[in-house]
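Structure record follows, encoded as structure tokens.
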Amino acid sequence: MLQDKGEPVPGLEDLYREIILDHYRNPRNRGELESPPAHRVEGFNPLCGDEIVVYLRLDDDGRVDDIKIGGQGCSISQSSASMMSAAVKGKTLDEVQDLTRAFKAMMSIHEQEIGGEGDEADGDDGEAEAAASGDVRLGDLEALRGVVKFPVRIKCATLSWNTLAQGIEEATA
Amino acid sequence: MAAVTTEGPLDVAAVQADFPILGRTVHGKRLVYLDSAASSQKPRAVLDAMDRYYETTNANVHRGVYEIAEQATAEMEGARAKVADFIGAPSPTEVVFTKNFTEAFNLLARSWGGANLGPGDAVVLSHMEHHSNIVPWQILAAEKGFELRWLPVDAEGQLELGDLDRLLDGAKLLAVTAMSNVLGTLTPVRHLADAAHAAGALLAVDACQYVPHVPTDVGELGADFLAFSGHKMCGPTGIGALWGRAELLEAMPPFLGGGEMIRDVRLDGFTPNELPWKFEAGTPPIAETIGLGAAVDYLEALGMDAVREHEVSLTAYALRTLHERFGDRLTVHGPAEPAARGGVLSMALADLHPHDVAQVLDQEAVCVRAGHHCAKPLMRVLGVGATARASLYVYNDERDVDALADALDSALAFFAL
């Protein structure tokens, strides 16, 4: 009879790193921005019902002037959104795109290893090359690397990034 | 066969021994399976019946004149008779096999709805329906231009019936669940049937969570249509059933076209087969159908009265235990009275998100479902995005409930709440 896989069990500590819990308990950039001028975009995880709202205000130089996060979700999706907001605030759209690529590469490389279907909802940014962009510093976001050991939760971690990408696409269209 | 009989209360230890999967461990711990509302586990008798079919009588049904094809056909039609008997259907010809409940209600919407609904008509649903009793009607309504009306749900998780007659006025169909897959609420099906019929409407019942857990008689319920899935009642996936009153099914056009569902095909048209095969195009899931027949045998041997009694008493124990151990930190949505509900416990634990709760529970080998349970309109009524749902069945016992409570404690401790 099939028993355990015999592999070491990924512990909860692999998933819920302290910095993740910190962002969950004390979310950064929580709130709303007046829209317009800010761009408001919603993202859904149909699997679990998580909803995220990203308020994005760009300045004339194509820089993320301000960003706020609303909605509800699990600790992974909420902390990922919090870290994302902190990471992209003040960055140019090019820098945001590099961060997005690097973050999704961190997730999707592992998704391929475990045979997952990947998560390419924002489509057009050719993330294969992005995996090579090792010069992008993910900082706190590195804490989410452990999520890949829990395949079902990858979509929680990528929800805010996909929503941000959609927002940028709409705002710059 | 089951190790227990219809005499007396359920012998849960004997039942557990009938389910091979309950012998495995997860993360080195005893498997505590509390997700039977999503899909039940399968007893050895069901697995054996399917193996036996493939090993001894595998052949296509309703076609061959040779011995094993006759045996396969007899076994499959025997399963239909068992299912009919299990739900009190007057005749096996009224039992249409489908892939699952979802396909059954899509068949109902497409065939009955397609022939009977148009502008000016209305279908009444409730706020606590599963998406599979919402979306097929929404798809059809967009095509046919009929109206969807909604029975609300109150704070206790009961249907609000104050406006029932007004909602039914001019409606052709009331389609509701007999037991909520989120709240466990048992709805007053007979009352709904009488109200629908008085208004000239039919009643279609989502019995996915009902047939596996409660003695069912379609006549007593007053239903016109009733559907359920096999995999929630100890049977395999890929098989379910739509029951309908014969004269209604007779008048309905076919659903899928192809082999089996025809009596004659000419270049200028076709003549449909008789009931129930009119609705069963193509080679059916024969092994699964036979497996469902074995599942019915298994549940009959346990006795559905005993099954229901066991679940009421275990639900009472669970509600009591969770309240004693967690007080206000844990909410179980739905009716507080065990006799008014099924063993479906949708929980909110402190400020923890259900995904995070379920993740910690998994470390303890406690399997619960976290999410919206395919009932997003109800989630909005409850004002939550998701719940963590533990659901009980014949093989669960107080030890499982205690393991759930211990794991919930671990979740609180882990997140330091």
Side-chain angles (χ1 to χ4, degrees), chain A residues 1-27 30 42-53 69-82 144 146-160, chain B residues 19-31 38 44 47 131 135 182 346 348-365 367-389 407 410-417:
Chain A
M1 181 187 295
L2 178 72
Q3 292 290 330
D4 277 352
K5 284 179 278 187
E7 296 157 9
V9 182
L12 287 176
E13 293 73 16
D14 292 326
L15 181 63
Y16 298 112
R17 302 276 299 279
E18 193 49 47
I19 194 157
I20 293 177
L21 294 176
D22 176 57
H23 275 269
Y24 178 47
R25 293 181 185 126
N26 309 294
R30 184 85 190 165
E42 292 179 10
F44 297 93
N45 183 342
L47 187 72
C48 58
D50 283 2
E51 302 178 3
I52 191 166
V53 186
I69 305 292
Q72 54 171 2
C74 67
S75 60
I76 300 301
S77 72
Q78 293 295 291
S79 64
S80 179
S82 171
L144 286 162
V147 173
V148 296
K149 294 178 188 163
F150 299 81
V152 173
R153 307 299 294 272
I154 292 175
K155 284 196 188 310
C156 306
T158 53
L159 176 64
S160 58
Chain B
F19 289 77
I21 200 170
L22 298 179
R24 74 163 285 182
T25 57
V26 173
H27 311 321
K29 293 167 183 152
R30 179 178 76 88
L31 175 66
R44 171 65 70 194
L47 307 176
H131 295 164
V135 181
V182 176
S346 272
L349 179 63
D351 288 331
L352 290 182
H353 189 278
H355 256 190
D356 295 317
V357 174
Q359 193 82 59
V360 177
L361 265 52
D362 173 63
Q363 295 290 310
E364 306 298 328
C367 309
V368 300
R369 168 89 182 269
H372 53 63
H373 317 295
C374 299
K376 290 202 79 169
L378 178 59
M379 293 289 116
R380 292 192 182 99
V381 172
L382 298 175
V384 298
T387 71
R389 181 188 70 184
S410 300
L412 287 175
F414 183 82
F415 289 99
L417 290 169

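Since the model is a prediction, treat every value here as computed from it, not as a measurement. The chains referred to below are lettered A, B, ... by the order of the sequence lines, with proteins before strands, and numbering in each begins at 1.
- The pair A:R153-B:D356 meets the salt-bridge criterion, with a side-chain N (NZ, NE, NH1 or NH2) lying under 4.0 Å from an Asp/Glu carboxylate O.
- Note that CG of A:L12 is 8.0 Å distant from CD of B:E364, once rounded to the nearest 0.5 Å.
- Contact annotation for B:V384: only backbone heavy atoms (N, CA, C, O) come within less than 4.5 Å of a heavy atom of chain A.
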Start with the C-alpha gap between B:Q359 and A:L15, add the side-chain angles, then the distance that decides, and say whether side chain to side chain contact (heavy atoms under 4.5 Å, CB included) holds.
CA-CA 10 Å; B:Q359 193 82 59; A:L15 181 63; 3.6 Å; yes

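- Nearest heavy-atom pair across A:G73 and B:H353 is C-CD2, 3.0 Å.
- The minimum heavy-atom distance between A:Y24 and B:D351, with the atom names listed, is OH-O, 3.6 Å.
- Interatomic distance, NE2 of B:H355 versus CZ of A:F150, reported as 13.5 Å (0.5 Å rounding).
- With sequence neighbours excluded, no residue forms a salt bridge (Lys or Arg N to Asp or Glu O under 4.0 Å) with A:D50.
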